[in-house]
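Single-structure report; data block below.
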Amino acid sequence: MQPYYVTTPIYYVNDEPHLGHIYTTIAADVLARHHRLSGDDVFFLTGVDEHGQKVQQAAEARNIEAIELANQVVKRYESLWPELSISNDDFIRTSSDRHKAGVCAMWNRLLENGSIYKGFYEDWYCVPCETYWTETQLKDADCLEAMICPDCKRTVEKIQEESYFFKLSEYQDKLLAYIADNPDFIAPESRKNEVLRFIESGLRDLSISRTTFSWGVPVPNDEGHVIYVWIDALSNYLSALGFPDETENMKHWPADLHLIGKDILRFHAVYWPAMLMAAKLPLPKRVFAHGWWTVEGEKMSKSKGNALRPADLLAQYESDTLRYFLLREVPFGADGDFSHDSLKQRYNTELANDVGNLLNRSLSMLHKYRDGILPIVGEEQTQDRALIADIEAMQREVEIHLNNQAFHLAIERISQVVRHGNRYVAENEPWTLAKQGNETRLNTVLYHLVESLRLIAVQLSPFMPVKTQQMLEQIMNKDVIVEDLRFHDVAGWGLLESGHQCQKPSPVFPRMD
Ligand code: ME8
């Protein structure tokens with residue numbers, strides 16, 4: 001079995017989960033499920049980022065200990081993920097001993113390899129982004145006078161403290177060479193160019209410890225310093241596998257894919273690979289930075305109170321509907337706007353009308369004309385072969401689209417087959433065949449419809465595990481479990497045998513008002 005390792009960012013615990021957090025996690029889940037279907041040995045990691053000044057301040061504002069705040073938010077994530085059918089194999093907390101051991105091992109490696117030295121830091125810091133800025137960077141972005149962060153436009157603070165530094169400047173050329181030699185390393189292309197511009201503008205050594213607060217992993221043998229939260233957080237991708245020990249799970253390193261939002265690209269495509277080079281560890285194969293969601297045209301923010309909370313969304317929509325919509329609506333990589341109207345419209349058109357209708361009418365006709373029993377196929381005509389060819393092409397193309405993280409194209413390709421199925425019904429008019437007593441042709445048409453639906457459901461199952469479970473229960477039988485399916489066993493045309501009894505249709509995609 002081929003290992004496949006996919007990760008999400010580990011989310012800060014200073015805020016409750018919102019639409020953005022579920023987006024990345026759902027995308028990672030679809031890939032994990034698709035790779036399990038392909039027979040790969042999948043490791044899907046998500047978790048939380050508990051340390052840093054921002055979390056400490058959020059806890060202080062609530063008059064509680066940082067760990068208490070973390071525990072509360074962790075509970076929210078842990079109960080949320082099953083509700084969204086997230087099938088993560090592990091959940092890493094940065095306050096755990098296993099993670100701290102990984103961070104310290106990483107620090108010690110960088111130290112032993114001569115990549116860390118002690119100095120004095122004097123410049124600016126943005127707490128919400130946990131990012132350092134030089135005076136020149138602020139000036140160039142017209143942010144110095146207002147003392148605001150060029151990224152998030154919130155206030156930056158001046159830092160003057162003793163600090164450890166990572167020799168990031170030594171990696172400028174090495175990173176440029178690596179990106180040139182590995183064209184798929186950073187995606188999409190526009191983000192790669194952004195990273196290249198950033199590196200070309202010059203890399204300075206990075207301050208990697210702080211002394212003015214205490215919520216974090218202490219620097220080994222110098223406990224007055226806390227390790228910079230990004231060095232701490234990025235190491236999660238290794239600590240979760242058991243690093244530095246040679247565990248069984250370490251076979252998953254290097255990660256196949258770090259899925260992130262575009263906000264944290266620099267950390268994953270510059271700092272993290274440089275750290276790994278310095279630690280003499282292999283680099284992840286790919287970093288994909290997706291776009292940003294706004295809500296009904298506005299940026300989500302705590303102060304505006306318009307952040308979409310998963311609990312509210314789940315009270316309104318089924319989890320599969322959300323999963324489908326988020327990945328269908330916006331090309332992965334582009335920014336998108338969440339609107340309830342477009343969600344309902346997409347659901348009604350593509351799911352209730354197209355998939356739901358094909359399922360209902362096919363199974364209803366199978367019951368009406370054949371008591372739900374799959375008939376023996378007669379001689380195939382051109383249009384039958386065209387349907388099968390379309391399904392086989394879909395299977396190949398969905399694979400390619402998902403390897404490129406083009407979720408919207410994968411869904412669109414499946415939808416094409418669904419529309420083809422509905423056209424096939426219209427062209428063959430099974431009701432006319434029944435009236436004419438053309439039993440052989442009716443048998444063939446009914447079989448092709450049901451078998452197509454089975455293969456459509458299998459392809460859709462990573463996106464909508466609950467709905468496709470229901471579809472497959474009606475088509476196959478009650479004890480099918482989507483999570484246990486493997487393409488190897490189920491993706492071939494014609495595997496449903498004649499004589500098989502299908503269930504009566506019951507609506508899987510009822511129309512939404
Ligand atoms: O940055 N649209 O955590 P975080 C799309 N702890 N995605 C969004 C989004 C939006 N409006 N808002 C958030 C951190 N996200 C660090 C990560 S990793 C080693 C450490 C998603 O809680 C998106 O994936 O601020 C983004 O990168 C992430 O949440 C930021 O989560």
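Ligands are counted one by one from 1 in listed order, and the atoms in each one are counted from 1 as well.
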* Asked: Hey, mind stepping through Q459 and R413 against side-chain hydrogen bond (donor to acceptor under 3.5 Å, both in side chains) and telling me if it holds?
  -> CA-CA 10 Å; Q459 289 293 321; R413 187 63 188 85; over 6 Å; no
* Return the orientation label for the Y271 and F267 ring planes: parallel under 30°, perpendicular over 60°, tilted otherwise. => perpendicular
* With under 30° as parallel and over 60° as perpendicular, where do the rings of Y4 and H35 fit, or are they tilted in between? -> parallel
Output block, N or O contacts of ligand 1, threshold 3.5 Å exclusive:
{"unit_1": "ligand 1", "atom_1": "2 (N)", "unit_2": "W293", "atom_2": "N", "d": "2.9"}
{"unit_1": "ligand 1", "atom_1": "6 (N)", "unit_2": "I10", "atom_2": "O", "d": "2.8"}
{"unit_1": "ligand 1", "atom_1": "6 (N)", "unit_2": "D49", "atom_2": "OD2", "d": "2.7"}
{"unit_1": "ligand 1", "atom_1": "11 (N)", "unit_2": "W292", "atom_2": "NE1", "d": "3.4"}
{"unit_1": "ligand 1", "atom_1": "11 (N)", "unit_2": "W293", "atom_2": "O", "d": "3.2"}
{"unit_1": "ligand 1", "atom_1": "22 (O)", "unit_2": "Y12", "atom_2": "N", "d": "2.9"}
{"unit_1": "ligand 1", "atom_1": "22 (O)", "unit_2": "H21", "atom_2": "NE2", "d": "3.3"}
{"unit_1": "ligand 1", "atom_1": "24 (O)", "unit_2": "T24", "atom_2": "OG1", "d": "2.7"}
{"unit_1": "ligand 1", "atom_1": "24 (O)", "unit_2": "G261", "atom_2": "N", "d": "3.3"}
{"unit_1": "ligand 1", "atom_1": "27 (O)", "unit_2": "G261", "atom_2": "N", "d": "2.9"}
{"unit_1": "ligand 1", "atom_1": "27 (O)", "unit_2": "D263", "atom_2": "OD1", "d": "2.8"}

* To do: Evaluate the ring planes of Y117 and F165, with Trp represented by its six-membered ring, and classify them as parallel (under 30°), tilted (30 to 60°) or perpendicular (over 60°).
  => parallel
* May I ask you to decide if the ring planes of W81 and Y77 are parallel, tilted or perpendicular, using 30° and 60° as cut-offs? => tilted
* Is the centre of the Y347 ring less than 6.0 Å from the centre of the Y324 ring? -> no
